[in-house]
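Just so it is clear: chains get the letters A, B, ... in the order the sequence lines come, proteins before strands, and each one is counted from 1. Quick caveat: nothing in here was measured; it's all calculated off a predicted structure.
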Amino acid sequence: MIVATTRPETMLGDTAVAVNPDDERYRDLIGATLQLPLTAREIPVIADEFVDPAFGTGAVKVTPAHDPNDYAMGERHGLPQVVVIDKHARMTNEAGKDFVGLDRYEARAKVVERFDALDLLEKVVDYEFAISRCDRCRTVVEPLVSTQWFCRMTEMAERALEAGNKQHEPEFVPQNPWTKVYTDWLENIHDWCISRQLWWGHRIPAWYTEDGKVIVTRSEEEARAKAGCGDAQLTQDDDVLDTWFSSGLWCFSTLGWPDETDDLKTFYPTSVLVTGRDIIFFWVARMTMLSLKFMDEIPFCEVAITGIILDKHGQKMSKMKGNTVDPLAVFDKYGVDATRITLAAASAGTDVRWRDDQVESYRNFANKIWNAARFCLMNAEGARIGARVEGASETWALHDRWIVSRFNRAAEEINAALEKRQFHEAVYSLYHFFWDDFCDWYIELVKADVTNVEASPARDAARSRLLTMLEQSLRLLHPLMPFITEELWQRLASLAGEGGREFLHPAYREMNPTVMLAAYPQVRAELIDERAESEMNAVIELISRVRSIRSEMNVKPGEAVRVLVSAPDARTREVFATSIDQIKRIARASEVTISESLEVVPRGSARAALGAGAEAIVPLEGLIDFEREQGRLGRELEKVEAEAARGEAQLANSQFRERAPAEKVEELGKRVDDLVSRAQAIRRMLEALRG
RNA sequence: GCCCGCUUAGCUCAGUGGUAGAGCACACGCUUCACACGCGUGGGGUCAAUGGUUCAAGUCCAUUAGCGGGCACCA
């Protein structure tokens with residue numbers, strides 16, 4: 001019979017040749033006995049479904065001692081196991097006296113040579129196949145039958161599956177696809193080989209007597225007692241337990257198990273396990289199974305699966321590849337807070353390509369927080385923070401109502417995101433609230449008021465509102481940037497009642513105030529103020545358009561401009577009027593004139609269309625660059641017209657009007673009206689410019 | 001071979017059927033009394049391809065391509 005092999009030396013350990021029972025070519029030979037070349041052994045031809053008739057010659061040599069599949073076949077057919085390669089990859093006595101002591105590769109060559117000499121060699125062909133290698137030294141691994149300790153898993157896996165079905169525990173977040181990965185593995189459970197041939201770890205608690213009896217107990221003393229031979233020679237198994245075996249006990253062993261400690265009673269079962277998808281089998285499933293076994297409970301109700309940190313090329317990090325990041329070096333370079341929030345900013349469950357420049361941007365964020373707080377604290381004299389200053393909302397300016405509204409929106413979003421374990425959404429909301437709303441706008445809006453050197457109730461009230469907003473923001477930021485927020489919060493605490501104690505949960509009132517124990521800000525829906533937001537948006541738009549004109553018309557930063565604002569809507573005029581000081585300061589305007597309409601536009605003005613039919617005009621006298629202004633307005637018109645046309649087409653579609661929710665139709669209608677009126681305004685401006 | 005995920009700006013990535021976004025990078029201007037690790041203003045998109053569902057698709061469905069991962073197998 002002709003068989004194929006990639007490891008000719010193993011033929012010395014063959015104890016059968018297998019064929020598929022349905023293979024016509026070999027049917028007659030099943031049960032026959034073959035002479036195994038180069039040995040004195042006779043081996044049977046066996047029939048086994050495992051054999052693929054289409055592969056190779058359809059006849060497979062079977063080496064139970066040196067191949068996992070052959071081992072299984074050997075078990076099915078009661079074949080002997082002949083070990084021909086030892087632990088040092090040298091041929092054993094069983095390989096015969098011509099081969100004993102040879103290295104496996106020398107033996108391989110010699111077997112081929114002998115076959116050739118005996119005219120038994122059909123052919124030698126190049127062949128590519130996957131080969132298993134040692135992870136550490138890359139040595140090719142030869143399978144070798146050996147005695148190992150196994151843990152029977154069937155019952156434990158069934159219990160874990162049952163808990164999954166009945167209690168839906170643990171719950172994976174995100175649910176897909178990890179629930180399926182977890183249950184699939186449990187459903188196809190294999191007995192667990194817990195022996196490891198390493199020199200570190202817990203040694204397997206099995207002892208052998210001199211006559212080869214095995215005793216498994218907790219200690220050698222117990223083993224001795226159990227053996228009933230006080231001073232007999234006992235030898236402990238050399239193998240150690242798989243590290244995941246003890247890791248699997250982690251949830252309760254760390255709390256003092258097997259003792260019934262207070263910690264165990266208080267903290268077990270735990271709430272959330274945060275881990276990576278690569279150890280769902282190794283660790284998570286083992287923890288659930290071992291916890292059910294020893295504690296009768298699932299150890300955590302939720303498993304939050306995070307992404308894995310990859311290097312910047314998308315490769316998994318490993319010490320062997322040398323592409324690992326040293327967290328301590330990152331901490332030194334950018335700070336712990338920046339590192340922490342960078343990790344939180346990684347989209348939930350998605351792998352992250354690690355890039356320093358990302359950490360750098362959060363280092364910059366930390367610096368921004370520091371400097372904003374520095375500004376606030378520089379102007380803290382006379383300020384108070386906390387519940388007492390929050391009360392007087394009727395005295396708040398538009399921008400105060402606005403920032404409080406924005407803060408409460410952020411608090412709402414952030415709490416919801418944390419609840420869903422969507423940490424990146426929380427980071428996004430925090431970053432933009434703090435940097436865009438609080439720093440870029442609010443601080444600038446209140447700057448004149450709070451930096452006033454003359455003390456006054458109005459100044460101190462403005463300072464109190466600013467510092468109160470900072471204090472609340474620090475609390476909101478704290479879980480993501482713990483160190484900087486604590487440092488700054490401590491500096492603020494003295495401005496609050498009882499040195500900050502008023503912010504602590506009643507249970508902690510006796511302790512030293514720390515932001516760690518302060519209540520986490522929750523949304524106060526009554527402080528979300530849609531009107532303040534839309535009014536403030538109008539002010540922001542006006543300021544932005546004036547700035548845009550200044551920049552595009554190359555007005556020097558130090559140079560003040562006049563701003564003429566027209567607004568047909570009385571409420572809009574009122575809003576601009578109440579914020580006129582802020583507009584002047586931030587837009588760097590010497591004068592802001594607000595009127596219902598402008599009959600006469602000064603020659604050489606740059607203009608911008610605003611919402612609600614309002615218009616901003618910046619007279620530039622001789623300074624205006626007509627070509628630039630035309631280009632600027634032209635680009636704007638193009639954008640507005642394109643969007644208006646899209647909206648109009650949609651509104652003209654009867655299907656849309658009939659089937660879309662009325663609310664959406666109305667919304668689009670309003671938007672299109674605004675766009676159309678803006679387009680008209682811009683066209684008038686362009687005409688005026690040409691004329 | 002089976003299963004899963006990804007493909008959006010130069011790069012790394014968010015995006016919940018209804019106006020495509022961020023950070024970095026880029027361009028221009030700025031020693032504006034918290035911050036140049038900053039401030040202001042800009043430019044930059046066939047949302048992998050094709051088909052379908054829908055009044056409406058980056059988003060839902062199907063197919064294809066490319067990339068990544070897991071499991072199985074490798075006589």
Please report the distance separating the C1' of B:U19 from the corresponding atom of B:C47, rounded so that it comes out in whole Å.
16 Å
Not counting sequence neighbours, which residues clear salt bridge (charged side-chain N to carboxylate O under 4.0 Å, His left out) with A:E641? List them please.
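Scan of A:E641 (salt bridge (charged side-chain N to carboxylate O under 4.0 Å, His left out), adjacent residues dropped) gives A:R683.
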Compare all side-chain heavy atoms of A:R76 with those of A:D48 and state whether any distance is below 4.5 angstrom.
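Heavy-atom side-chain distance check passes, below 4.5 Å.
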Tell me what [X] touches on the nucleic acid: a base, only sugar-phosphate, or nothing, going by heavy atoms under 4.0 Å.
| X | answer |
| --- | --- |
| A:T57 | nothing |
| A:E444 | base |
| A:C376 | nothing |
| A:K368 | base |
| A:T6 | sugar-phosphate |
| A:F50 | sugar-phosphate |
| A:K447 | base |

Salt-bridge criterion met for A:K316 and A:D278 (N-O under 4.0 Å)
yes
For A:E413, is there an ion pair with A:K420 - N to carboxylate O distance below 4.0 angstrom?
no
Detail all sub-3.5 Å separations between protein N/O atoms and N/O atoms belonging to nucleotides 15-19 of chain B.
unit_1 : atom_1 : unit_2 : atom_2 : d
B:G18  : N2     : A:Q650 : NE2    : 3.1
B:U19  : O4'    : A:R671 : NH2    : 3.1
B:U19  : O2     : A:E643 : OE2    : 2.8

Would you kindly compare A:R585 and A:W435 by the position of their nearest RNA chain B nucleotide and give the one closer to the 5′ end?
A:R585
Polar atom pairs between nucleotides 42-46 of chain B and protein, under 3.5 Å, N or O only, would you list them?
unit_1 : atom_1 : unit_2 : atom_2 : d
B:G42  : OP1    : A:S548 : OG     : 2.7

For B:C13, does OP1 or OP2 lie under 4.0 Å from any side-chain N or O of A:R353?
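A:R353 to B:C13 OP1/OP2: side-chain N or O found under 4.0 Å.
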A:N364 side chain near B:G38 phosphate (N/O to OP1/OP2, under 4.0 Å):
yes
Looking at [Y], is [X] sitting on its ring face, NZ or CZ under 6.0 Å from the six-membered ring centre and within 45 degrees of the normal?
| X | Y | answer |
| --- | --- | --- |
| A:R421 | A:W178 | no |
| A:R286 | A:W192 | yes |
| A:K447 | A:Y442 | no |

Taking Watson-Crick and G-U wobble pairs with both distances under 3.5 Å, convert RNA chain B into its dot-bracket string, 5' to 3', dots for unpaired and | for cross-strand pairs.
(((((((..((((....[..)))).(((((.......))))).....(((((..]....))))))))))))....
Counting side-chain heavy atoms from C-beta on, which of [options] comes nearest to [X]?
| X | options | value |
| --- | --- | --- |
| A:D440 | B:C39, B:C35, B:C71 | B:C39 |
| A:Y431 | B:G69, B:C74, B:G23 | B:G23 |
| A:R355 | B:G23, B:C37, B:G70 | B:G23 |
| A:H432 | B:A22, B:A34, B:G69 | B:A22 |
| A:S361 | B:U12, B:G23, B:C39 | B:G23 |

Does the protein touch nucleotides 25-32 of chain B at the base, only the backbone, or not at all? Give it as B, S and - per nucleotide, heavy atoms under 4.0 Å.
-----S-B
Within the supplied structure, the quantity of interest is the number of heavy atoms (other residues, nucleotides, ligands) at a distance under 6.0 Å from A:E638 CD; does it exceed 12?
no
Please confirm whether any donor atom in the side chain of A:Q358 sits under 3.5 Å from an acceptor in the base of B:A22, or the reverse.
no
All heavy atoms of A:A18 vs all of A:V51, minimum pair found to be CB-CG2, 3.7 Å
A:E360 atom CD is separated from B:C24 atom C1', nearest whole Å, by 9 Å
Which residues pass the side chain to side chain contact (heavy atoms under 4.5 Å, CB included) test with A:L343, not counting sequence neighbours?
A:I309, A:W354
